[in-house]
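Computation of the quantities below employed the complete heavy-atom set of this structure, encompassing side-chain atoms and omitting hydrogens, waters and symmetry-equivalent molecules. Labels below follow one simple rule: chain letters A, B, ... track the order of the sequence lines, proteins then strands, and each chain is numbered from 1.
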There are 2 protein chains.
Amino acid sequence: MDEKLTIQDIARLAGVSKSSVSRVLNNYPAISQELRERVMRVVREYNFVPNVTARGLAGGKTRLVGVLTPPLTWPAVPEMLRGVAEYIERTSYEMVLYSVNFENPTHTDVVDRILSLRMVSGLLAILPCDLTPHLLKHFERGLPMVMINDQEPPERFPCPWVGVDNRTGGYQATRHLLDLGYRRIAHVMGPKRYYCAQERYEGYCQALREAGLEPDPELLLQGEFDPASGRRCARELFARERKRWPEAIFVANDQMAYGFLEVAEEQGIQIPQEIALVGFDDNLVSSHVRPPLTTVRQPFSQMGAKAIELLLKMVDPDHLLPRVRAAEGMGNAGAGMTSATTAPSSAADGSDHQLREPSAPYRSDGTIHIQLETSLVVRASSVPA
Amino acid sequence: MDEKLTIQDIARLAGVSKSSVSRVLNNYPAISQELRERVMRVVREYNFVPNVTARGLAGGKTRLVGVLTPPLTWPAVPEMLRGVAEYIERTSYEMVLYSVNFENPTHTDVVDRILSLRMVSGLLAILPCDLTPHLLKHFERGLPMVMINDQEPPERFPCPWVGVDNRTGGYQATRHLLDLGYRRIAHVMGPKRYYCAQERYEGYCQALREAGLEPDPELLLQGEFDPASGRRCARELFARERKRWPEAIFVANDQMAYGFLEVAEEQGIQIPQEIALVGFDDNLVSSHVRPPLTTVRQPFSQMGAKAIELLLKMVDPDHLLPRVRAAEGMGNAGAGMTSATTAPSSAADGSDHQLREPSAPYRSDGTIHIQLETSLVVRASSVPA
DNA sequence: TATAACATTGAAACCGGTTTCCGTCAAGAC
DNA sequence: GTCTTGACGGAAACCGGTTTCAATGTTATA
């Protein structure tokens, strides 16, 4: 049905000029109602959709945003992308996924190749690890960019940033254990070079101190955020004489907590009866492990949605306006407007327009940082059923 | 450094015409060595990368392929995409990710909108559920397409298809349990409307019959491929009087097996001591649940890689030829060729050129179907440590 | 040696839109 | 009843490449 019509064909069919069709399609203000209707009738009748490529060339802006991620098999990444996809689905933009394996030493080349194509009008960088400095160079050269990156303090980011308050998260976890009556609470810390690991640790310390306890160096273990290091820490701990065991452990991420659970299982140590466990992240798996893991939930999907919202606002402040755009004319004609007038809202909070409101999270230098909240999810690993 | 140079600028700098630059960039055969070098020197010096959008417009083909997926939080999807991403990373194509929520009733509109943009030169449809008929319409209208879809018999697909041999998979699972000496083996079947569920069931029956056993209707349960139905089946089974219990269970997918494990845990039933369990899929989680799940592994990542390889071969048979393409001139200049001469191979099997080889899996009507092999992964849920 | 055939390369058309520039026409100002 | 002003819409330039077509210089053929 919808053969390759061009704007020229539509113009001819409607008895007007190319430029008029273009103007109608782009909702140019000074257009008479009559002309608009005449064109739109033909557009709808023939199910016309303007060629994106041509649009991109002529208009200088592609309706594409790039999303750079680590391999999708990393925990949390799919959840973030779900948030991104749900938001994007409601706009007229599309997402180009660059899933790169950061272990490949040529990754900076990959990024350069990607970006030099100038195909995307903006980039969302998700957990780009050691690629951050390289990416920031592109940002400084003018590429609109938003980062989700908890390895460094947000203050240090010159570009917009979305993340959570890890300190409060660490506090929540520890406080939960304190509330349950535990006093000897250990912490398995993430890599010190990661800011989020430091913050979680500080939250842990703060909670302890508020409860009149001083963090005990003997109860602080160093992990690497992966299950293997979790296992190592568990073995180290369980090898101690029993009276030197902690009553509870706050592990800095769920991955390491899984390692802990495995070793506990192997050695027949009951969780939470002998040791209570709290993780951090609330990965999809965490409710399925045995026992289900109490953990501090990061709203990954919401983070993705907020981040892409931010990015699109930078690229195109009107990206969610109910503009009459050709793509809407298709499908079941007539109902075209409905999907467009429903502006997407990343969460159910209705807090759009952030970039324009005075309450927007501008930093003093004008950079936008958004910090979402973590929440404690209580499961059996800290509280027996 | 790499400001927006055009092919015109390069032509001027090299003292040749636009067309010559274009020809060099596209490795047109009839080009003198001298001209080629003259142009390439400038291209490299200025780190020139031709504008993809313009290329797309003029050449009529965008270097973009679409990948349509269910939400990435579905099991297996991220793994398939990893395979896709790894393959694509080595080509000059990019992937546009359309992650749609199939529960949204407007999904056919979404697909129409996507495809009518004509932005992608091909589509890889991953587990598109009830969208299949709609997608096939687009295929028949000429959109290059590959499907990963195990809901219907491959024979019924008019389009290229990648999947596994579910029958053999079911056979492997059951055979494993038989080899361990079990005789009363139950099966929790997936939805009957899914072809893969039927196939797995048939493999189960075949293995039993080969062992001289007749499938017992009492030992056949009906699930829905989700954890909830797994729990339901488990409760139903465990509620029976003990002597009517099976010795082992082949559950048609890992998700349902998780439900089984949960209920077993609740009711204090030891696995595998009291009942052995085998799943299907080998999702990422399956090695982490307690006890780790014995399961039939589907090579998801390889499926993704094969599928995208197939698609790119349809769209552009030369997509992996070491053509001298401009994008390669950048990065660390000089080493440009290296990445191009390394043709990507989806697996370590070196079995490229499939579409050209006589051994290619053409069906009688010319359609390509690729069936990969499953493999049994033995873990503690079927064999005590 | 004249000519056909071929290898190279430049000029120009084209891909399908957006946007600038300019002419037309009608309403409001003087 | 002219003149100004602004709304409206058409013609044409432009975005940055690819590809067709034709011209040129060479080499093989007769």
Trainee: Once you apply a heavy-atom cut-off of 4.0 Å, does V21(B) come out as touching a base, just sugar-phosphate, or nothing?
Mentor: nothing

Trainee: Taking the side chain as every heavy atom from C-beta outward, state whether V21(B) and Q8(B) have any pair of such atoms under 4.5 Å apart.
Mentor: no

Trainee: Does dG17(D) have OP1 or OP2 under 4.0 Å away from a side-chain N or O of S22(B)?
Mentor: no

Trainee: CD of Q8(B) versus P of dG16(D): gap in Å, rounded?
Mentor: 10 Å

Trainee: Given atom CG of L57(B) and atom P of dG17(D), what is their separation to the nearest angstrom?
Mentor: 12 Å

Trainee: In whole Å, I'd like the distance from the CD1 atom of I7(A) to the C1' atom of dA12(D).
Mentor: 15 Å

Trainee: Tell me: CG of N51(B) to C1' of dG16(D), nearest whole Å?
Mentor: 6 Å

Trainee: Is it the case that the side chain of R38(B) and the backbone of A14(B) share a donor-acceptor pair, with hydrogens and angles ignored and the cut-off at 3.5 Å?
Mentor: yes

Trainee: Specify the separation, in whole Å, of atom CZ of R38(A) and atom C1' of dG9(D).
Mentor: 11 Å

Trainee: Nearest to the side chain of R23(B), heavy atoms from C-beta on, is which of dG16(D), dA12(D), dT19(D)?
Mentor: dT19(D)

Trainee: What's the OH-P distance between Y28(B) and dT9(C), to the nearest Å?
Mentor: 11 Å

Trainee: Have a look at S32(A) and say if it touches a base, only the backbone sugar-phosphate, or nothing, with a 4.0 Å heavy-atom cut-off.
Mentor: sugar-phosphate

Trainee: Side chains of D9(B) and Y46(B), heavy atoms from C-beta outward: is any pair under 4.5 Å?
Mentor: no

Trainee: Once you apply a heavy-atom cut-off of 4.0 Å, does G60(B) come out as touching a base, just sugar-phosphate, or nothing?
Mentor: nothing

Trainee: Tell me: CD1 of I31(B) to P of dG25(D), nearest whole Å?
Mentor: 18 Å

Trainee: Rounding to a whole Å, what distance do you find between E34(B):CD and dT26(D):P?
Mentor: 13 Å

Trainee: Going by modelled atom types, is there a donor-acceptor pair between the base of dG17(D) and the side chain of K18(B) at under 3.5 Å?
Mentor: yes

Trainee: Check whether any side-chain nitrogen or oxygen of S20(B) sits under 4.0 Å from OP1 or OP2 of dT9(C), and answer yes or no.
Mentor: no

Trainee: Is the closest side-chain donor-acceptor distance between T62(B) and T53(A) under 3.5 Å?
Mentor: no

Trainee: Of the candidate nucleotides dA11(C), dT18(C), dA11(D), which contains the atom at the shortest distance from the side chain of S19(A)?
Mentor: dA11(D)

Trainee: Spell out, as yes or no, whether a donor-acceptor pair under 3.5 Å connects the side chain of W161(B) to the backbone of I368(B).
Mentor: no

Trainee: Would you say a side-chain N or O of S17(A) is under 4.0 Å from OP1 or OP2 of dG10(D)?
Mentor: yes

Trainee: If each of G59(B) and L35(B) is mapped to the nucleotide of DNA chain C with the nearest heavy atom, which maps nearer the 5' terminus, i.e. the 5' end?
Mentor: L35(B)

